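Have a look at the structure below, then the notes.
All chains are named by letter (A, B, ...) in the order of the sequence lines, taking the proteins before the strands, and each is independently numbered beginning at 1. Just so we're clear, the structure is a prediction, and the values are computed from it rather than from any experiment. Just the heavy atoms: all of them, side chains too, but no hydrogens, waters or symmetry mates, feed the values below.
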Amino acid sequence: MLIDIKNRQPKDWLNILNPEQRDAVETTEGPLLVLSGAGTGKTRVLTSRIAFILERNLSKPWEVLAVTFTNRAAKEMQLRVGNIVGSVADSIWIGTFHSIAAKILRKYPKLVGLENDFTILDQDDQLRLLKQIIEDNRFDLNNFSPKILMSWIQFCKDKGLAPENVPFEMMGELSICNVTDLYSKYQDKLRSLNCVDFGDLLLHCLNIFRDNEEVLRNYQDKFKYILVDEYQDTNVCQYLWLRLISQKYRNLCCVGDDDQSIYSWRGAEVENILRFENDYENSKVIRLERNYRSTPNILYAASSLISNNKERLGKNLTAANSNDHEKGDKLTLRGVWDGEQEALWLVSEVESLQTRGNLLSSIAVLVRAGYQTLEFEEKFINAAIPYRVFGGPRFYERLEIKDIIAYLRCVCSDRDDLAFERIINKPKRGIGESTLKKIRTNSRVYGVSLMQSSRDLLETDEFRPQTKKNLNLLLVFFSEWRKNLNSSTPADLVNKIIEDIGYIEILQKDSSQDSQGRIDNLREFSRSLEDWDTVKSFLDHVSLVMENEVKLTNNFVTIMTLHAAKGSEFDNIFLPGWEEDVFPHRRSLDEKRVGALEEERRLAYVGLTRARKKVYISYAANRRVYNQWQSNLPSRFLSELPNEILDIITETGVFIGGKQDSSSFNISDLDQDKYQKNKINLSVGIRIFHQKFGYGKIISIDNNKLSIKFEKAGTKKVLSSFVELPP
DNA sequence: GTTTATCGTATTTTT
DNA sequence: TACGATAAAC
């Protein structure tokens with residue numbers, strides 16, 4: 001594919017750009033903000049800009065830094081730049097914030113008190129570590145859960161704050177317990193274990209730049225051109241980092257879209273993009289508003305929706321290939337009785353798309369939250385339609401894989417206590433809580449690693465004979481594996497480990513459903529290791545690139561969360577679950593922050609703008625949540641879509657406004673106030689009939705939500721539009 | 001001392 | 001439902 005594109009006229013990639021895009025590519029000097037709406041060719045601008053810089057010989061490839069948020073985006077950029085400029089693209093610094101920071105940190109670990117081979121912890125390890133610290137120090141934390149405390153610590157790190165710099169105001173309701181103390185202890189522990197967490201990668205890197213002028217100058221001199229993708233998603237720490245590193249040449253090009261900012265919960269600050277012009281003197285702003293992706297109808301829907309947000313810079317997307325006669329299909333809006341019917345309907349629409357000649361790979365189902373994928377998976381399996389869930393439990397996060405990785409980590413480092421704790425009794429070898437406690441206490445007293453502590457204790461009679469024997473065997477294995485560390489390939493080493501500890505046999509004995517799948521995963525894992533020369537380089541890859549290699553095999557429907565969908569596009573998009581409390585998510589409604597709802601709306605905007613041709617939105621009146629029936633109102637976002645471009649189909653038997661006539665259904669009917677007017681007279685005590693639950697009496701009324709005591713089904717909450725007066 | 005069973009509770013999004 | 005913490009059984 002390289003050859004094919006390289007054979008084009010050298011200027012081709014430049015000439016296909018529209019004037020604004022071209023301006024963004026050619027304005028190489030000085031700070032530049034590119035406000036790039038959905039589908040306006042953002043990636044094309046970024047890649048062309050890099051190609052332009054290289055082609056004009058403005059800098060060497062290794063003097064260009066391009067940062068993205070996801071590994072996927074980084075990979076794509078690498079590929080597309082490579083398509084234009086060829087193999088020199090390999091020496092450009094392209095990567096995620098985290099991987100670039102890790103690369104720099106690996107060069108200067110000592111400056112922040114780390115050793116060369118520090119380990120990057122994942123969330124699981126972070127949480128376990130924090131729990132341990134809470135226990136060890138007997139912290140009184142007022143019933144705040146470790147999870148909450150962990151996210152607070154991450155929050156501080158996102159802001160670029162070390163424990164000693166956290167201002168009192170930031171502690172919020174956590175100020176009643178000494179969280180900063182905990183944070184500080186957590187950092188100490190990480191350092192003593194020679195570990196970092198995700199937030200540290202950036203924070204340490206930032207601190208290196210702050211405290212070591214020569215190092216900073218080194219990188220400032222190096223990077224003549226800096227490009228940032230998805231700038232609206234940067235947090236304070238990343239913002240400060242960028243400011244420092246770009247200070248010398250000031251050739252900083254940030255590309256982003258405030259309407260697609262959906263990561264504030266992870267510390268992202270839209271403000272970064274809103275204040276770009278103030279922050280960087282003599283900066284230029286270019287707006288990309290020509291959308292090459294979606295039909296006019298889809299854009300109209302998306303624009304109407306997003307115009308309900310107040311905090312935005314404001315952009316008007318127009319369809320680049322617009323033409324008054326061809327507005328594209330209307331959006332399909334489907335209301336159904338319950339979640340199951342929604343899934344059945346969705347699958348049947350997929351089948352119909354397929355018979356009309358659409359590839360399954362042109363179809364995506366975008367959900368608000370991970371748990372929603374299950375229902376669709378089931379129905380796809382029944383219909384024998386191939387699908388793939390992205391962003392589900394990721395390969396390296398599977399338990400069995402994590403176990404083996406923990407073994408590898410222990411082989412590499414004697415000091416990796418977290419990994420050691422994970423595997424000391426996995427598979428079960430009779431080493432339980434009390435033995436572990438002894439090892440821990442001993443290690444704390446003497447300041448040695450758990451593994452060293454175990455070795456020391458084995459010299460004594462502290463353990464029972466059986467325990468002693470088992471633990472000793474494990475340690476003997478480790479010293480053997482370490483001998484092989486440099487002589488054999490990582491794949492061979494893993495196979496040896498799996499065999500020595502009898503992992504496969506244990507899985508085989510366990511006759512549970514997924515044990516075969518786990519064995520397959522292990523095989524797959526050792527196969528994937530064949531691409532790596534050293535265990536260490538592989539471990540780094542694992543912690544930074546959590547995704548499994550995406551197999552671009554065949555033809556399948558994509559199922560993923562709206563968050564994961566950002567940056568991708570499909571001909572046909574399904575957006576199920578548009579109900580209050582599901583989407584917008586309840587958590588965002590509970591939150592007092594005004595911005596929370598606006599972020600949900602941006603998420604809806606992202607969803608709509610993924611589609612090239614056709615959008616299907618659906619909602620279910622009832623849903624089973626944790627084995628309980630719950631009735632939901634249609635999402636408020638539905639009433640923000642223009643009526644004239646919707647094809648509305650409600651299921652037979654779903655009553656809206658007391659009428660079964662679907663043609664008279666109007667979106668504004670969803671508006672609660674208007675809705676109240678044409679409903680039947682309901683009051684407490686009245687006997688009613690409900691399609692699914694039968695007869696019952698109303699016990700209370702809350703707007704149009706009714707609590708009804710059914711004669712057979714018990715007490716349920718039901719939407720008033722779904723009840724009838726008995727004949 | 002270790003493993004298994006039961007109970008109760010909290011449920012987003014991800015580098 | 002699914003996981004984690006605690007209680008009973010091996």
Side-chain angles (χ1 to χ4, degrees), chain A residues 67-74 95-102 120-124 126-128 131 135 143 145-148 151 154 157-158 196-203 229-230 233-235 237-238 260-268 366-375 390-394 396-397 399 424-438 462-468 470 542-547 560-567 577 581-591 596 599-600 602-604 606-607 624-628 630:
Chain A
V67 264
T68 63
F69 273 82
T70 63
N71 292 301
R72 202 178 69 197
T96 61
F97 272 102
H98 295 268
S99 71
I100 300 277
I120 302 164
L121 299 185
D122 65 12
Q123 253 170 344
D124 211 53
Q126 289 172 37
L127 203 61
R128 284 196 304 152
K131 280 181 189 163
E135 224 172 279
N143 289 341
S145 72
K147 260 189 192 160
I148 299 225
S151 63
Q154 287 307 332
K157 291 187 175 183
D158 288 341
V196 297
D197 65 18
F198 271 107
D200 280 342
L201 287 171
L202 284 153
L203 189 56
D229 190 16
E230 309 279 15
D233 288 336
T234 47
N235 60 37
C237 190
Q238 291 159 338
Q260 290 186 69
S261 161
I262 52 177
Y263 281 107
S264 74
W265 50 273
R266 214 175 65 186
L366 309 183
V367 295
R368 172 65 245 260
Y371 70 87
Q372 292 175 278
T373 61
L374 255 162
E375 196 138 38
F390 283 81
R394 282 173 291 184
Y396 295 130
E397 273 175 347
L399 288 180
I424 191 167
N425 198 30
K426 216 171 256 180
K428 296 201 164 56
R429 46 174 73 89
I431 298 170
E433 200 50 45
S434 63
T435 309
L436 193 57
K437 217 168 211 163
K438 280 179 198 161
E462 198 64 50
F463 304 133
R464 300 185 324 181
Q466 189 60 34
T467 314
K468 197 167 173 177
N470 289 338
V542 167
S543 32
L544 286 169
V545 186
M546 291 299 286
E547 302 155 35
M560 57 182 162
T561 64
L562 286 159
H563 282 90
K566 195 166 67 163
D581 288 359
V582 176
F583 188 41
H585 196 279
R586 159 158 248 139
R587 281 279 256 265
S588 70
L589 297 172
D590 289 346
E591 227 179 303
E599 181 147 323
E600 292 288 302
R602 291 195 290 268
L603 207 45
V606 167
R624 197 156 53 180
V625 185
Y626 305 120
N627 239 359
Q628 277 189 343
Q630 200 182 59

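Rounding to the nearest 0.5 Å gives a distance of 10.0 Å between CG of A:L203 and CD of A:Q154.
Nucleotides B:dT13 and C:dG4 place their P atoms 16 Å apart, quoted to the nearest Å.
Summarising the geometry, the separation between CG on A:D229 and P on B:dT15 is reported as 14 Å, rounded to the nearest angstrom. When rounded to the nearest whole Å, the span between NZ of A:K147 and P of C:dC3 equals 10 Å. A straight line from NZ of A:K468 to P of B:dG1 spans 16 Å, rounded to a whole angstrom. Rounded to whole Å, atom P of B:dT14 lies 14 Å from atom OH of A:Y371. In this structure, A:D581 atom CG and B:dA10 atom P are separated by 18 Å, rounded to whole Å. Nucleotide B:dT14 holds its P atom 16 Å from the CG atom of A:D124, rounded to whole Å. Here C:dC3 presents its P atom at 15 Å from CZ of A:R128, a figure rounded to the nearest Å. In this structure, A:F97 places its CZ atom 19 Å from P of B:dT14, rounding to the nearest Å.
A salt bridge links A:K157 with A:D200: the distance from a Lys NZ or Arg NE/NH1/NH2 to an Asp or Glu carboxylate oxygen falls below 4.0 Å.
Nearest nucleotide to the A:F198 side chain, out of B:dT14, B:dT12, B:dT15: B:dT15.
Side chain of A:R368 to backbone of A:V582: no donor-acceptor contact under 3.5 angstrom is found. In this structure a side-chain-to-backbone donor-acceptor pair under 3.5 Å is present from A:E600 to A:H585. Judged by distance alone, with hydrogens and angles left aside, the side-chain atoms of A:D158 form no donor-acceptor pair with the main-chain N or O of A:N235 at under 3.5 Å. With hydrogens and angles disregarded, a donor-acceptor distance shorter than 3.5 Å links the side chain of A:H563 to the backbone of A:I262.
The phosphate of B:dT14 (OP1 or OP2) has a side-chain N or O of A:T561 nearer than 4.0 angstrom.
For A:R586 against B:dT12, a side-chain-to-base donor-acceptor contact under 3.5 Å is absent.
The ring-ring contact (aromatic ring centres under 6.0 Å, His included) test applied to A:F97 returns A:F69, A:W241, not counting sequence neighbours.
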| note | Counting primed atoms, P, OP1 and OP2 as sugar-phosphate and everything else as base, the B/S/- map of nucleotides 2-8 of chain B against protein heavy atoms under 4.0 Å is SSS----
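By the 5.5 Å and 30° criteria, A:H585 is stacked with the base of B:dT12.
Here A:Y263 lies in heavy-atom contact (under 4.0 Å) with sugar-phosphate atoms only. Contacts of A:G370 with the nucleic acid, taken as non-hydrogen atoms under 4.0 Å apart, involve only primed sugar atoms and P, OP1 or OP2.
Along DNA chain B, the nucleotide nearest A:T96 and the nucleotide nearest A:A369 are compared for position; the residue whose nucleotide lies closer to the 5' end is A:A369.
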